Amino acid sequence: MKRKIVGLLLAVTMTIGIFAGCGSTPEAPSSGAAADTEKADTEAAGSETEASSGSGEEAEGSGAEDLTALRGNTAPTEEEIQLVNTTLNDTYLGDVFSEVIPNNYSAYPWKEEVTLDVWMANNSILSSVCPDLNDHRVFNQLEELTGIKLNFIVPALGEETTEFNLMIASGELPDIIIGADRYVGGIAAGVNEGAYMDLTDVLDEYMPNYAAWRNSDEERRKTTITDEGVVGGVYGIAPYNEWCWFGLLIKQEALDKTGLPVPETIDELHDFLVACKEQGYDQPLNYGSTYGQIFTGIINGAYGVWDWMFVDDNGKAAWGPGQEKAKEYLATMQSWYEEGLLNTDWATADFNQRMAEAVSDDCAVMMDSPDTMWGYWKEDNDIDFVAALNPVLTKGEQSRQTYRNFKKTGSVAAVTTQCKNVEAACAFLDFAYTKKGWEVYNYGTYGDVHLIDENGLPYFFAEGLMYNDPEGQPVSNLIWKYRIHDGADIRDEHNSNPLITAEGSYSGDIRDYWTKNMDSTLTMPPVTFTPEEAAREGELGTILSTMRNEYFSKIIMGQLPVDAYDEFLANAKAQGMDEFIALWQAALDRYNAR
């Protein structure tokens, strides 16, 4: 959604000043009825109808004021802003997805005073815009809307894993853990070992909205249970399979200077890079990436040498580095490195180094996210760029990639077995799967951060805080300040990521293009391991990845001959490669049987 909105009343900004900082809070909604325990049907269609009909389930009652006039309104009044931000009225929101988002608000505001302890890790970006999560404006608004107070317990940056493990070992657990899949062995292990609650039998009663949303689609249902059919966590679930986010990006000026078309094959990409070098791009391909230094899937995928685990064309689990054309791939990259087509620091460059190289005259092609490069290339340096599909070996072959999120995204939360008020904890988590929760988590406050378009879809308007931060923070930081970028909620990435929807941005178009034109059937689904399997998989995975990184990087840089791959493969087999693959195959079989 790319639009320029003009003429916002000054009263809007002044009124919404109550939300303006990291953690201001809106006026509290009036108290209402106690939680209703209406049971949602566990079948997909039934649960969608039961909890999504909007026929009087909201706390305001079926007689709530009709606010559909706010659709397309670019200058809401102070009263309208207050009404949207401090009540459960959602009549202005449209049904914009193929499945209707539930809106059972019968549990809110909560019937008694309660404060829940919530463990949640911070990160460097989030901490820079909101050092204390107890002051986060979105969580403060959620507290007021639900009537449930939160006390965030935040580990020190860089110490998240250590502090999490110490907390689990102590047995002294908070009410809720967000990022609960940190547990060694995953959610299933957390339930089996007595740290996390099994929510299966209370889901329909305590979490009717989550139950309805996860059952509204078979893929959502399948990815939010354990192999044993246990609901042990509350997962971030998208309304759709999110677009592929990483690929090959080319400066338009490089295409213009060389006069060559966007390359489609490995040979065409090589010829294009050679032509770029002749035009003065000293290290035309920025090959390294902090997302996987060697394995991007962009070039190696042409040889079937995928980054890590994938599902082969026979539906079996397979390990990418052990595939038969690996030597051919390594020989190609070694040759390109010798020709000076790659950035020389590809194996060690961090994000800041790569971005500095990207905007320099040495670089013509990046392997990265179009969201990121729109900011660094187009927005900051007026460098136009286009996308290429992952190259293939033979002209006309189907381009392939291994990114698909199976509608499972964001974070996973767990209610611990030490929770003081399970019903309240479930109610708080359940709010994220209501229509109002979708709006607040993804778009923040109405009137100063977002408005509502003609179809009832929230959007970030040009004069709003997302693009006019008082502290001058870049949009890449503000996605953490004015909304929840990574949570246990209905994450609406395509519409609520301002890096995609900003005026002039075409990163969403690129991601959509990649997704529609590359085969992703090789993607390994989100399988789970038993505790015993998880321990062994982690042990073997560490050995194999360390070995892969060492051999592959040395071969590409010419420090080892290509034939050293044979030694690598023999060592990998000796160190448990076949057992490693068998663990994944067993997990894949169980996933397929869910």
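The chain is numbered in sequence order, starting from 1. This structure is a prediction, so every number in the text was calculated from the model and none was measured.
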Check for a donor-acceptor pair, side chain of [X] on one end and backbone N or O of [Y] on the other, with a separation under 3.5 Å.
X	Y	answer
Asp371	Trp245	no
Asn442	Ile490	yes
Glu339	Leu273	no
Asn122	Ser127	yes
Gln353	Phe351	no
Asn405	Glu242	yes

Which of Phe97, Trp213, Tyr433 passes ring-ring contact (aromatic ring centres under 6.0 Å, His included) with Trp438? It is Phe97
Ring centres under 6.0 Å, that's the criterion: do [X] and [Y] meet it?
X	Y	answer
Tyr403	Phe246	no
Tyr240	His494	yes
Tyr337	Tyr287	no
Tyr467	Phe461	no
Phe529	Trp584	yes
Trp243	Trp514	no

Could you tell me whether Asn381 atom CG has more than 12 heavy atoms of other residues or ligands within 6.0 Å of it? yes
Taking every non-hydrogen atom, the tightest pair across [X] and [Y]:
X	Y	answer
Glu357	Cys363	O-CB, 3.2 Å
Ala318	Gln323	CB-NE2, 4.0 Å
Glu567	Tyr551	OE2-OH, 2.5 Å
Asp271	Leu260	O-CD1, 4.2 Å
Arg594	Thr223	NH1-CA, 4.1 Å
Val562	Lys327	CG1-O, 3.6 Å

Please determine if [X] and [Y] form a salt bridge, counting it only when a charged side-chain N lies under 4.0 Å from a carboxylate O.
X	Y	value
Asp489	Arg483	no
Asp368	Arg354	yes
Asp486	Arg491	no
Lys573	Asp578	no
Arg221	Asp217	no
Asp382	Lys378	yes
Glu218	Lys222	no
Arg220	Glu99	yes
Lys395	Glu264	yes

Let me confirm one number: the [atom1]-[atom2] distance from [X] to [Y], rounded to the nearest 0.5 Å.
X	Y	atom1	atom2	result
Phe272	Ile250	CZ	CD1	5.0 Å
Ile510	Leu249	CD1	CG	5.5 Å
Leu342	Leu285	CG	CG	5.5 Å
Leu499	Met466	CG	CE	9.0 Å

N/O donor to acceptor pairs below 3.5 angstrom from side-chain atoms of residues 472-480, sequence neighbours left out:
| residue | atom | partner | partner atom | Å |
| --- | --- | --- | --- | --- |
| Gln473 | OE1 | Asn477 | ND2 | 2.8 |

For side chain to side chain contact (heavy atoms under 4.5 Å, CB included), just list the numbers for Leu255 and Gln252, CA-CA rounded to whole Å, side-chain angles, deciding distance to a tenth of an Å, and then say yes or no. CA-CA 5 Å; Leu255 293 168; Gln252 181 62 52; 4.0 Å; yes
Would you mind reporting whether Ile266 and Ile299 have side-chain heavy atoms less than 4.5 Å apart? yes
Answer whether the closest heavy-atom distance between the side chains of Met355 and Met366 falls below 4.5 Å.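 Counting from C-beta outward, Met355 and Met366 do come under 4.5 Å.
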Name all residues meeting the salt bridge (Lys or Arg N to Asp or Glu O under 4.0 Å) criterion together with Glu219; count only those two or more places apart in sequence or in a different chain, and write none if there are none. Arg404
Does Tyr92 have any ring-ring contact (aromatic ring centres under 6.0 Å, His included) partners at least two apart in sequence or in another chain, and if so, which?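 Partners of Tyr92 under the ring-ring contact (aromatic ring centres under 6.0 Å, His included) test: none.
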